[in-house]
Every structure is written in C-alpha cells, then in structure tokens.
S.K.: 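Below is one structure. I have some questions about it.
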Amino acid sequence: MASELRGRLRAGFRWTDPGPDTDLLVSDRSGWWRDPLVLDELGPGLAALFSDAEPTVVVSPEVTGFLVGPLVARALGVGFVEAYRAGARRPIAEPMAWAAVPADHRGDQQHLGLRSRLIGLDDRVLVVDDWAATGAQARGLYTLVESLGAKAVGTAVIVDECDPAVSAELRIRGLLTGEDLS
Ligand SMILES: O=P(O)(O)OC[C@H]1O[C@H](OP(=O)(O)OP(=O)(O)O)[C@H](O)[C@@H]1O
Ligand SMILES: Nc1ncnc2[nH]cnc12
C-alpha cells in the first residue's frame, strides 16, 4: 500500500516554471488532491509513520495543512486543531496561544496561533503538513503546543526535504524525500 501511494504521489506532482522573473520552480501539488486514491490512502499512510507514538490530536498550519491534517486525524481516530498564520485573516475572537516561527523556506518570519482551550496538558500532539523544507513550521508548532503543557510527538509530512540532522532533531518523518521529486 505505501509503495503504491508513493508512486501516485510522485506521478501527481509537478514542478512549475512561474516565468522569467525568477529561477525558482514552484511545487504544483494539485494533482495529489485530484487523485481519489491519494485522498483515500494519504491519511492512513501518514498516520502509519507514527503508529508507535499514540497521538491524541493532530495540529496543522494553514493552509495546505488544513487539507492534509484532517485526513490523518481521521485515520488515527483523533481530533484536529487548526494553527493559523498571524495576519492571514481577520482576528479570531477567542483566547489564542501564539508562537514565533523561525524564518522558513521563503525566509519569512511568521507567528502561528491556535485556540488555547483545544490543547490540554495530557495531549500528545502530532504535527501534520504537506511539506517540510527547513523545519520552521514544525519547530514553531512544538514551541506553541509545549507552551500549553502538551507533548509534541513528531511531524508527519508528505515530502521531507530537510537536512537529515534537522529531521532527526525534530522527529520529522515523510513519505517522500526531495530527491523523489527531482
Ligand atoms: O519547513 P518549512 O521551511 O517551515 O516549510 C514548510 C512549509 O512550507 C509550505 O507552506 P507554504 O508557505 O508554501 O504555504 P501553503 O500551506 O499555502 O502551501 C508547506 O505547506 C509547509 O507549511
Ligand atoms: N510547497 C512547498 N513547501 C515547502 N517548500 C517548498 N519548496 C517547494 N515547494 C515547497
């Protein structure tokens, strides 16, 4: 099952050239969501990366994390909590906890926040996202959930292109590496 899922993820991914203003290619992940087999298998596939960790809740950053995180929560039989990027929308009128995110793969500094009543002292949090590049989102979310007394058990991503030392430090596990998509 995992190898079929990996094959579909590789087949559904494209690097896109956005034009002459930049040398950088951008990732087109839309083929993943368009493939019913990927939608069906992604949650169980990512959940299996942490079958040993007994998470009690999944936390994901907006915006692509809001798509992937609930699939994993469903597979684990646990709930899902949204982590919002500061400034991306109107303020949320409920008590929030915030943490700074170190500069990410774009070099941007951000803050991520979640509704503080949704994470408890006994929670074992699995961070889920589509991609880890520098590990900045994972690092920021660990700071955030640990500020609420919870434990961060690790981060499950579709693509892990972090330096291996960073992946090991942050307990990031992925279905694909950057090389799988080159
Ligand atoms: O490991 P890092 O350096 O933190 O990078 C990983 C983040 O980058 C992407 O987010 P992006 O800003 O492209 O937003 P998206 O959710 O809209 O795809 C991806 O979804 C991760 O959240
Ligand atoms: N979606 C993405 N998230 C993080 N790093 C990337 N590098 C290229 N595409 C990316």
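Atoms within a ligand are numbered from 1 in the order they appear, just like the ligands themselves. In this text the structure is predicted, and so the values were computed from the model without any measurement.
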S.K.: Compare L170, V157, T155, T134 and give the one whose heavy atom is closest to atom 2 (P) of ligand 1.
M.R.: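 Heavy atom nearest to atom 2 (P) of ligand 1 belongs to T134.
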S.K.: Suppose I only count heavy atoms of S27 and a 4.0 Å limit; which atoms of ligand 2 are within that range?
M.R.: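 Every atom of ligand 2 under 4.0 Å from some heavy atom of S27: 1 (N), 2 (C), 8 (C), 9 (N), 10 (C).
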S.K.: Quick one: does ligand 1 sit under 4.0 Å from the side chain of Q110, the backbone, both or neither, non-hydrogen atoms only?
M.R.: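 The answer is neither; Q110 stays 4.0 Å or more away.
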S.K.: Given that the side chain starts at C-beta and the backbone is N, CA, C, O, which of these parts of D129 lies under 4.0 Å from ligand 1, counting heavy atoms, or is it both or neither?
M.R.: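 Side chain only.
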S.K.: What is the minimum heavy-atom distance between S27 and R29, and which atoms define it?
M.R.: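 Shortest heavy-atom separation between S27 and R29 comes out as OG-NE, 3.4 Å.
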S.K.: N/O of P61 under 3.5 Å from N/O of ligand 1, yes or no?
M.R.: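 N/O-N/O distance below 3.5 Å does not exist for this pair.
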S.K.: Suppose I only count heavy atoms of R106 and a 4.0 Å limit; which atoms of ligand 1 are within that range?
M.R.: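 The atoms of ligand 1 under 4.0 Å from a heavy atom of R106 are 11 (P), 12 (O), 13 (O).
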S.K.: Within the structure, does W131 bring an N/O atom to less than 3.5 angstrom of an N/O atom in ligand 2?
M.R.: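 For ligand 2, there is an N or O atom that lies under 3.5 Å from one belonging to W131.
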S.K.: Could you pull out the closest heavy-atom pair between V159 and G178, with the gap in Å?
M.R.: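 It is CG1-N, 4.2 Å.
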S.K.: In terms of atom number and element, which parts of ligand 2 are under 4.0 angstrom from non-hydrogen atoms of W15?
M.R.: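 Reading through ligand 2 atom by atom, the close ones are 8 (C).
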S.K.: Would R85 count as a contact residue for ligand 1, given that I'm defining contact as a non-hydrogen atom of the residue lying under 4.0 Å from a ligand atom?
M.R.: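 Distance cut 4.0 Å: R85 passes for ligand 1.
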S.K.: Using heavy-atom distances, let me know which of D130, V127, V68 sits nearest atom 19 (C) of ligand 1.
M.R.: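 Going through D130, V127, V68 one by one, D130 has the nearest heavy atom to atom 19 (C) of ligand 1.
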S.K.: Evaluate the side-chain proximity of V101 to Q137: yes if any heavy-atom separation is below 4.5 Å, no if none is.
M.R.: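 Yes, side chains in contact.
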S.K.: Between R6 and E41, does any NZ, NE, NH1 or NH2 come within less than 4.0 Å of an OD or OE carboxylate oxygen?
M.R.: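 Here E41 does not pair with R6 in a salt bridge, since their nearest N and O are not under 4.0 Å apart.
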S.K.: For R139 and ligand 1, answer yes if some heavy atom of the residue is under 4.0 Å from a ligand atom, otherwise no.
M.R.: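 Flag not set, R139 not near ligand 1.
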S.K.: Please give me the minimum heavy-atom distance between T134 and V166, naming the atom from each residue.
M.R.: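 Closest approach of T134 to V166, heavy atoms only: O-CG1, 3.7 Å.
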S.K.: Using a plain distance cutoff, I'd like to know if A133 has any nitrogen or oxygen under 3.5 Å from a nitrogen or oxygen of ligand 1.
M.R.: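 So ligand 1 has an N or O lying under 3.5 Å from an N or O of A133.
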S.K.: Using a strict cut-off of 4.0 Å, indicate which atoms of ligand 1 neighbour a heavy atom of A132.
M.R.: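 The atoms of ligand 1 under 4.0 Å from a heavy atom of A132 are 1 (O).
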S.K.: What about W98 and V63, same hydrophobic cluster or not, with Ile/Leu/Val/Met/Phe/Trp/Tyr joined at side-chain heavy-atom distances under 4.5 Å?
M.R.: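 No, it is not one cluster - the side chains of W98 and V63 are not joined through contacts under 4.5 Å.
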S.K.: Could you check V125, T155, L112 and say which one makes a side-chain contact (heavy atoms from CB on, under 4.5 Å) with L141?
M.R.: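 Testing L141 for a side-chain contact (heavy atoms from CB on, under 4.5 Å) against V125, T155, L112 leaves exactly one candidate, L112.
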